Amino acid sequence: MNNKEIARVFEDMADLLELKGENPFKLRAYQKAARSIEYLPVEAEQLVSEGKLREVPGVGEAIAKKITELVTTGKLGAYEKLKAEFPEGVIALLEVPGIGPKTAMLLSTELGIKTMDELEAAIIQGKVAALPRMGEKAADNILRHLQALRRKDQRIPIGEALLVVDKLLAQLKDVPGLRNLTPAGSLRRFKETIGDIDIMGTADDAREAIQAFVSLPQVREVLASGTTKASVVVAGGLQVDLRIVEHDSFGSTLQYFTGSKQHNINLRERAHRMGLKLSEYGITDLRTEKLEKFATEEAFYRRMGLQFIPPEIREGQDEIARAEQGTIPGLVETSDIKGDLHVHSRWSDGRDSIEAVALAAKARGYQYVALTDHSAGRGIARGLPPERLRQQGAEVRALNEKLNGIRILSGAEVDIRADGSLDFPDDILAGLDIVVAAVHSGMDEPQERMTRRMIKAMENPHVDVLAHPTCRLLPDREPVAVDMEAIFQAAVRTGTILEVSGMPSRLDLKDIHIYRARELGAKLATSTDTHSVEHLEFMRFGVGMARRGWCRPQDIVNTRPLKEFLAYLKS
DNA sequence: GCCGTTTTCGGCCCGACTGTTTTCAGTCG
């Protein structure tokens, strides 16, 4: 049983305990453990065999036992027993926003509702509004949420969400007295997918700002609108929350609204031990009741006795303890990047000429860009047969003569075939500056074969980079079955660089993989898989992922200047 | 159920918004 499945069990258990009216702190313990397990950089199974389960924050004696049971038997007695205590389908009702434990139990016991369809029918028949403490409006609300839930796609990749946000921010820019408009929440933490969009700002008149927000043309529905915050649904079904505070609370509010939830809970517990109380408005001294406001997050963390914690690593793991010790590393930034190691031109399935891509790379301040068009095996992607690759090499040489300040590395994105062999013979690979290898087909293979296949490719001395290692596509294609721990170890052994693809639909490797690979000493590269010059911008997502994996500049090989990077490739 | 530089027992984050209510419960983030 994998970490995601284990986390799911504990989340369900927390829901069931809540339905049961159990001690709220107990169910919070389950939720915390679920979160912890979800973010583990290694499989819980490995921790069980190493006896290290108890080192995971939020995992104590009882939960460790439950995890062990799940890992070894694939089932959990306590969970099965708990499930049996409740009518079928109650947990499903909790999925609907606006339905909490009380309402779910009411709907289930009074009306016998098991599914969303039955719920919809009951609302339309007026049965829900007639329940105690319900009413027309409450029932209507549930119906709207239910229908929105049906329409709504899953979480969307961060790349798409940022487009929506950029537009919103541009539209709100001119509202008088509205300042400091900033994306917060999971967007600011660079989570790979976004469930809803959080924006915050400060204003002379919060009401006026909220009014401007809910009146935007793309707002399809206003879910809530008060004096300091509002929630709307915009075209496309995405929920956007806006929170407005006074100018001098900006730092505290940004911190509060960036989350994550678990990070904030941990911070508040720490504050409590310090005799302080945290809220979005600032820090209150519990003894004097005095509120201290913060204009910046830096000042806020300083007051808490902590090193500044970058948003990308505020996931409620051990970042607060690390900040207390002052051991949060300086994370890589987009401005550290000296080159892109994965770009396509119109020679294969890219849109632009090699020269256009090179000039765009130069304009970004890069010193080099690796041209990695597809190999012949990628027929659909107009992959290059050896002869065309040689012709391309000639053009690259000519361009390198002509252009100043940017070096084009001749390379290829070579297919890893089903047997682990490569789509170009070794003598051709040997003539390239850089070889990026990737799986593009036969993705349904069982884990052992896929793992062997990738490792075999990594063992080829000409292969420099393993691209998008898990082959997932957000939000639909699941990662291939592959033993990531083995891939990371092979990367360390063979010196193969692991790609962190910034392409929004890939983001591959993902955060916890990056964390583990780095921990084991593997080298990583943030790349874009550019197919037209605008895609070079995807580097921000690659860097965002790397930061979520706690990467410093020295962990990312393409932060090295050209000469140093070429020397590294040779070694 | 977890956890401890006050504690191994007694705590456990905090505020906003809505709807059905006459003072608050439920839900959310």
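Since the model is a prediction, treat every value here as computed from it, not as a measurement. Proteins come first, then strands; the chains are lettered A, B, ... in the order of their sequence lines, and each starts at number 1.
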Within the pair [X] and [N], is there a side-chain N or O less than 4.0 Å away from OP1 or OP2?
X: A:Y256; N: B:dA16; answer: no
X: A:T103; N: B:dT27; answer: yes
X: A:K65; N: B:dG1; answer: no
X: A:T228; N: B:dC17; answer: yes
X: A:T227; N: B:dC17; answer: yes

Integer-rounded Å distance: [N] [atom2] and [X] [atom1]:
X: A:L286; N: B:dC13; atom1: CG; atom2: C1'; answer: 11 Å
X: A:K137; N: B:dG26; atom1: NZ; atom2: P; answer: 20 Å
X: A:N264; N: B:dC14; atom1: CG; atom2: C1'; answer: 10 Å
X: A:E324; N: B:dG4; atom1: CD; atom2: C1'; answer: 13 Å
X: A:I210; N: B:dT18; atom1: CD1; atom2: P; answer: 10 Å
X: A:L17; N: B:dC2; atom1: CG; atom2: P; answer: 12 Å
X: A:Q262; N: B:dC3; atom1: CD; atom2: P; answer: 11 Å

Pairing nucleotide - B:dT8, Watson-Crick or G-U, each distance under 3.5 Å: none
How far, in whole Å, is [M] from [N] if one measures between their [atom1] atoms?
N: B:dT27; M: B:dG10; atom1: C1'; value: 28 Å
N: B:dC12; M: B:dT6; atom1: C1'; value: 16 Å
N: B:dT8; M: B:dG1; atom1: C1'; value: 14 Å
N: B:dC9; M: B:dA16; atom1: C1'; value: 34 Å
N: B:dC17; M: B:dG11; atom1: P; value: 32 Å
N: B:dT18; M: B:dC3; atom1: P; value: 37 Å

Whether A:F300 and A:F294 hold their rings parallel, tilted or perpendicular, with breakpoints at 30° and 60°: perpendicular
Whichever of A:N141 and A:V59 has its nearest DNA chain B nucleotide further upstream toward 5': A:V59
Short side-chain to backbone donor-acceptor contact, A:E95 and A:I91, under 3.5 Å: no
Taking any heavy-atom pair under 4.0 Å as a contact, classify [X]: base, sugar-phosphate, or nothing.
X: A:K261; result: base
X: A:K277; result: sugar-phosphate
X: A:L267; result: nothing

Lys/Arg cation over aromatic A:F86: A:K83, 6.0 Å, 45° cone: no
Residue from A:R548, A:K191, A:R518 passing salt bridge (Lys or Arg N to Asp or Glu O under 4.0 Å) with A:D511: A:R548
Sidechain N-carboxylate O distance under 4.0 Å for A:E485, A:R516: yes
Salt bridge A:K114-A:E118, side-chain N to carboxylate O under 4.0 Å: no
